[in-house]
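Take a look at the structure set out below.
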Amino acid sequence: MNNKVYDVIVIGGGPGGYVAAIRASQLGMSVALVEDKHLGGICLNWGCIPTKALLRASEIKHLLDNVEEFGFSISNVKIDINKVTGRSRKVASQLSSGISHLLKKNKVKVFNGFAQLDKSNDQFKKVNIKTNDGSTTELAKNIIIATGAKSRNLPFVKADGKNVWDYKTAMTPNTIPKSLVIVGSGAIGMEFASFYNDLGVKVTIIEALANILPNEDEDISKIVQNNFVKRGIDIKTGNSLKSVQIKSNSVISEISKDGKNELINSEKLILAVGIVANTENIGLEKFNVKIDKGHIVTNKFLETDEKGIYAIGDVTAGPWLAHKASHEGILCVEKIAGKTDLSPLDKSSIPGCTYCRPQVASIGLTEKNAKLNNINIKVGKFPFIGNGKAIALGDSEGLIKTIFNKDTGELIGAHMVGPEVTELIQGFSIAKKLETTEHELMHTIFPHPTLSEGMHESVLDAYNQAIHY
């Protein structure tokens with residue numbers, strides 16, 4: 001056995017794990033990281049980054065289809081799906097290699113293998129690591145579990161990589177299907193719907209709840225739904241998937257709404273119905289680690305009921321976002337390092353982004369939830385059709401909506417749909433972190449012409465002072 005005792009061993013090299021490892025090293029700790037597949041985790045290799053490369057390709061296809069609006073004429077535009085997906089994989093590979101360099105630079109020992117926790121007779125915890133070259137056992141004072149999650153299947157159907165796709169297959173198709181059913185209208189489902197629709201695929205979305213993007217403000221989800229419908233996407237809200245029949249070259253999905261059943265025939269089907277935390281086979285049963293609804297339970301500083309064992313990212317409770325995982329990783333190791341000026345994670349200050357066309361971004365309470373919490377509110381709205389930069393870009397569909405506590409002036413929610421709103425939302429994130437009121441935002445000078453001016457106008461509108469609307 002290796003006699004070295006690490007201050008921290010991180011299990012999982014995704015956006016939570018590798019960030020935690022680097023920060024721990026910066027704080028002077030000895031750190032090891034164990035990853036059994038690819039550094040960067042699902043986010044970098046199969047999620048956040050490569051999907052954005054795919055969406056960039058579909059955005060270009062959309063622009064080419066509408067290039068005459070800008071004074072150009074192009075004919076015979078062709079799609080090579082292998083080149084589209086190949087670029088996406090190249091982007092992921094490049095960034096994965098970059099993380100390897102960052103870990104090496106920060107003197108983090110990386111083990112390429114599968115880790116299992118084990119009891120120890122002394123004050124340290126054992127981590128048994130199975131690698132391609134054999135196995136090793138390492139000791140640690142603290143363990144950070146950052147094992148992430150995988151796609152959820154349904155009891156009567158699971159991804160087979162042929163007719164029924166998960167996100168991995170959907171990102172690397174050999175050919176573009178003629179028709180596609182997507183089950184689930186969260187961020188993953190909506191992004192794939194937008195991507196494949198722009199490539200000319202007949203897309204149908206099945207959503208059990210009343211609205212697509214059910215976690216978003218209803219004003220925002222309605223705008224996206226109207227946009228998708230205009231593009232020819234068939235949206236079946238309030239429908240549950242009852243059964244799936246897999247034929248040689250097609251999938252027949254049976255859906256039900258209000259007791260009425262309907263059959264939908266498609267070439268492929270994508271399951272986008274959530275995630276399952278990776279908690280199995282890592283030795284948690286040997287420790288006092290509580291699992292609730294499939295996810296590891298932690299306190300406000302990410303420690304489990306077992307002292308010295310922490311958990312971050314998608315293996316814990318939602319929202320399941322890469323930037324939440326990274327923030328938790330930093331918070332966790334700073335707590336281990338003994339820092340005392342730490343604030344627990346405020347989930348209401350975590351921005352959410354969906355990169356479909358049009359983009360969606362939000363932070364804080366929706367109008368509906370604010371009212372359910374009996375908060376006296378003021379609401380402002382500004383449509384992008386009133387924004388000069390959006391009109392110049394030829395992308396003026398959308399809305400910026402802000403919600404304030406009427407009694408205190410506190411910004412309690414911001415919801416956006418339209419061009420580049422995933423970049424704009426950080427302005428409201430900073431404002432919320434600084435506990436900014438309407439007064440500071442109303443007297444902030446926004447540059448012209450920019451899309452961000454719409455943020456200013458939305459705030460002004462909440463107080464009946466909008467200039468351009």
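From a predicted model like this one, the values you see are computed outputs, not experimental measurements.
One N or O on the side chain of His323 and one on the backbone of Pro351 form a donor-acceptor pair closer than 3.5 Å. Under a 3.5 Å cut-off, the side chain of Asn211 and the backbone N or O of Pro214 do not form any donor-acceptor pair. Remark: the backbone N or O of Glu191 is not paired with any side-chain donor or acceptor of Ser194 at under 3.5 angstrom. Of the possible polar contacts, none joining the Asp219 side chain to the Lys222 backbone as a donor-acceptor pair under 3.5 Å is found. With Ser25 contributing its side chain and Ile22 its backbone, the two residues share no donor-acceptor pair below 3.5 Å.
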Working for salt bridge (charged side-chain N to carboxylate O under 4.0 Å, His left out), residues Asp198 and Lys61: CA-CA 7 Å; Asp198 276 341; Lys61 173 63 167 57; over 6 Å; no

Stepwise side-chain hydrogen bond (donor to acceptor under 3.5 Å, both in side chains) test for Ser458 and Thr402: CA-CA 6 Å; Ser458 178; Thr402 48; 2.9 Å; yes

Pair Thr131-Asn112, side-chain hydrogen bond (donor to acceptor under 3.5 Å, both in side chains): steps then yes or no: CA-CA 6 Å; Thr131 69; Asn112 298 309; over 6 Å; no

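Scanning for ring-ring contact (aromatic ring centres under 6.0 Å, His included) contacts around Phe195 gives an empty result, with sequence neighbours left out. With sequence neighbours excluded, no residue satisfies ring-ring contact (aromatic ring centres under 6.0 Å, His included) with His327. Taking the side chain to side chain contact (heavy atoms under 4.5 Å, CB included) definition, one finds that Ala337 meets it with Leu27, Met29, sequence neighbours left out. Lys300 meets the salt bridge (charged side-chain N to carboxylate O under 4.0 Å, His left out) test with no other residue; sequence neighbours excluded.
In summary, Lys368 and Asp217 do not engage in a salt bridge, as defined by a charged side-chain N under 4.0 Å from a carboxylate O. Between Lys236 and Asp234 a salt bridge is recorded (basic side-chain N to carboxylate O distance below 4.0 Å). Salt bridge Glu59/Arg357: absent, no basic N to carboxylate O contact under 4.0 Å. Between Lys141 and Asp7 there is a salt bridge, with a side-chain nitrogen of the basic residue lying less than 4.0 Å from a carboxylate oxygen of the acidic one.
Heavy atoms of other residues, nucleotides or ligands lying less than 6.0 angstrom from CG of Asn132 number 12 at most. For Asn373, the CG atom counts as densely surrounded, since its 6.0 Å shell holds more than 12 non-hydrogen atoms of other residues, nucleotides or ligands. For NZ of Lys37, the number of neighbouring non-hydrogen atoms (other residues, nucleotides, ligands) closer than 6.0 Å is 12 at most.
Screening Ile212, Thr204, Ile182, Val203 against Ile233 for a side-chain contact (heavy atoms from CB on, under 4.5 Å) leaves a single residue, Val203.
Taking the ring axis of Phe301 as reference, the NZ or CZ atom of Lys335 stays within 45° of it and closer than 6.0 Å to the ring centre.
In this structure, the separation between NZ on Lys52 and CZ on Arg56 is 14.0 Å, given to the nearest 0.5 Å.
Classified by interplanar angle (parallel below 30°, tilted 30° to 60°, perpendicular above 60°), the ring pair His295/Trp320 is parallel.
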Side-chain donor/acceptor pairs under 3.5 Å, residues 416-433, sequence neighbours excluded:
residue : atom : partner : partner atom : Å
Thr422  : OG1  : Gln359  : OE1          : 2.6
Ser429  : OG   : Ile425  : O            : 3.2
Lys432  : NZ   : Ser348  : OG           : 3.4

Report all side-chain donor-acceptor pairs from residues 264-281 shorter than 3.5 Å, counting only partners two or more places apart or in another chain.
residue : atom : partner : partner atom : Å
Ser266  : OG   : Lys268  : O            : 2.9
Glu267  : OE1  : Lys178  : N            : 2.9
Lys268  : NZ   : Lys162  : O            : 2.8
Asn278  : OD1  : Lys150  : NZ           : 3.1
Asn278  : ND2  : Thr147  : O            : 2.9
Glu280  : OE2  : Lys150  : NZ           : 2.8

